[in-house]
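Proteins get letters first, then strands, A, B, ... in listed order; numbering begins at 1 in each. Remember, predicted model here, so these are calculated numbers, not experimental data.
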Protein chains: 2
Amino acid sequence: MAIIFSRKCELGIQAVLYLSSVEGRNVIPSEEIARELKIPKEFISKILQELTSSGIVSSKKGKMGGFSLAKNPNKIHLLDIVLAIDGSEIFSKCVLGFPNCSSETPCPMHNTWSQLIDETFKMLNEETIDQFKHKTLRKIESLK
Amino acid sequence: MAIIFSRKCELGIQAVLYLSSVEGRNVIPSEEIARELKIPKEFISKILQELTSSGIVSSKKGKMGGFSLAKNPNKIHLLDIVLAIDGSEIFSKCVLGFPNCSSETPCPMHNTWSQLIDETFKMLNEETIDQFKHKTLRKIESLK
DNA sequence: TATAAATCAGATATTTTTGTCTGATTAAAA
DNA sequence: TTTTAATCAGACAAAAATATCTGATTTATA
């Protein structure tokens with residue numbers, strides 16, 4: 001099966017969007033994120049640990065601890081999360097899997113594909129997570 | 001890691017492009033395809049079997065047997081190969097992995113992503129493999 | 001008709017991804 | 001100061017994707 005982002009990346013984005021959508025609270029325990037997004041607690045806390053170490057999320061240990069965004073949501077781009085979890089390979093890798101694909105020795109699909117990937121990159125790089133707040137709230141609601 | 005097409009799909013496209021690029025020969029044994037594309041013979045013949053059963057490639061058993069395209073290369077679209085191997089999920093699946101994503105209950109990225117996926121679909125659906133012949137020949141050459 | 005060269009089917013092995021568990025550590029609050 | 005509720009690290013388990021192996025079958029040709 002073809003996929004775009006790894007499952008970890010999908011859930012990482014979901015969790016960051018969730019953190020950006022809750023207002024007036026300091027930190028959110030992973031139990032709540034898991035419950036609201038209907039995903040396993042252990043898995044999402046693993047992912048949030050990764051995002052903590054890459055500086056997108058920050059964590060507070062101990063009782064009353066949990067996770068929060070490490071910076072202003074208008075400074076967090078979707079691209080940051082994708083790069084932190086899935087890396088940059090998707091933007092450089094040959095779509096047909098040829099080992100030495102480049103503009104010098106392009107694969108048959110190289111040019112057409114580059115355009116699509118460039119657009120995707122731009123979108124992920126331009127969109128910041130604060131732009132999704134209302135959409136996220138609606139989506140969380142629809143999961144109930 | 002993020003991916004677009006599965007490895008099987010990448011190699012399936014490579015193999016079909018290879019078959020479309022050889023001229024004046026009836027069938028090509030998987031050993032030759034594997035050698036030219038520098039990939040394992042057993043794996044590519046497994047993939048070609050799948051493409052045979054979906055009518056894109058045809059096979060001839062026994063001595064002097066091998067694989068060939070089942071139809072005119074200007075009738076084979078990239079999309080055909082993708083659908084045969086990876087299925088259609090990539091075109092309908094929620095990019096953030098939400099279970100119930102649709103235009104009624106869209107995820108935050110739904111609209112932006114739909115546009116990119118539509119463009120990708122169009123490209124795969126419009127391009128036929130005969131259009132890649134010269135590019136394929138050059139690429140094969142670069143692998144040597 | 002025997003041999004050689006190929007596909008093909010199914011089983012098995014390996015690797016990667018996904019998900020779970022356990023226990024250590026931390027910090028708030030009773 | 002003890003209990004409780006949380007992160008965090010690392011090991012482990014399960015599932016999926018990727019790759020290999022074996023042997024049966026098919027067919028051309030010597």
Measure from CD on B/E32 to P on C/dT7 and round the result to the nearest Å.
11 Å
With the sugar-phosphate defined as primed atoms, P, OP1 and OP2, and the base as all remaining atoms, what B/S/- string results for nucleotides 25-30 of chain D, 5' to 3', for protein heavy atoms under 4.0 Å?
-BBB--
Please check if the side chain of B/E127 supplies one atom and the backbone of B/L124 the other of a donor-acceptor pair under 3.5 Å.
no
In terms of heavy-atom contacts, A/P108 and A/F98 come closest through CD-CE1, 4.2 Å
Would you kindly check whether a donor in the side chain of B/K46 faces an acceptor in the base of C/dG10, or vice versa, at under 3.5 angstrom?
yes
Determine, using the 4.5 Å side-chain heavy-atom cutoff (strictly less than), whether A/L137 and A/F132 are members of one ILVMFWY cluster.
no
Between B/N100 (side chain only) and A/L143 (backbone N and O only), is there a donor and an acceptor less than 3.5 Å apart?
no
Starting at CD of A/E42 and ending at C1' of D/dC12, how long is that distance when rounded to a whole Å?
13 Å
Let me know the distance between CD1 of B/I47 and C1' of D/dT18, rounded to the nearest Å.
9 Å
Quick check for you: to the nearest 0.5 Å, what is the distance between A/I129 atom CD1 and A/N72 atom CG?
9.0 Å
Applying a 4.0 Å non-hydrogen cut-off, can you work out what A/S30 is touching in the nucleic acid: base, sugar-phosphate, or nothing?
sugar-phosphate
What distance separates A/C9 SG from A/Q14 CD, expressed to the nearest 0.5 Å?
10.5 Å
For B/I28 and C/dA5, what is the distance between atoms CD1 and C1' respectively, to the nearest whole Å?
15 Å
Provide, to the nearest angstrom, the distance between the CD1 atom belonging to B/I85 and the P atom belonging to D/dA16.
20 Å
How long is the line joining CD of B/E50 and P of C/dC8, in whole Å?
12 Å
Check ion pair A/K139-A/E36 (N to O, under 4.0 angstrom):
no
Would you kindly give the CZ-to-P distance between A/R35 and D/dA5, to the nearest whole Å?
14 Å
Tell me: CD1 of A/I44 to P of D/dA6, nearest whole Å?
16 Å
Which residues in residues 10-26 of chain B have at least one heavy atom lying under 4.0 Å from any atom of DNA chain C?
none
May I ask you to say whether A/R7 pairs ionically with A/E10, meaning some side-chain N is under 4.0 Å from a carboxylate O?
yes
What do the steps show when you test A/E32 against A/R25 for salt bridge (charged side-chain N to carboxylate O under 4.0 Å, His left out), and what is the final call?
CA-CA 13 Å; A/E32 172 181 335; A/R25 290 165 61 203; 2.6 Å; yes
Would you mind checking if A/K133 and A/E23 are paired as a salt bridge, meaning a charged N to carboxylate O distance below 4.0 Å?
yes
Is any NZ, NE, NH1 or NH2 atom of the basic residue among A/R35 and A/E31 found under 4.0 Å from an Asp or Glu carboxylate oxygen of the other?
yes
Expected string for nucleotides 12-18 of chain C under the B/S/- scheme (protein heavy atoms, under 4.0 Å, primed atoms plus P, OP1, OP2 as sugar-phosphate) is -----SS
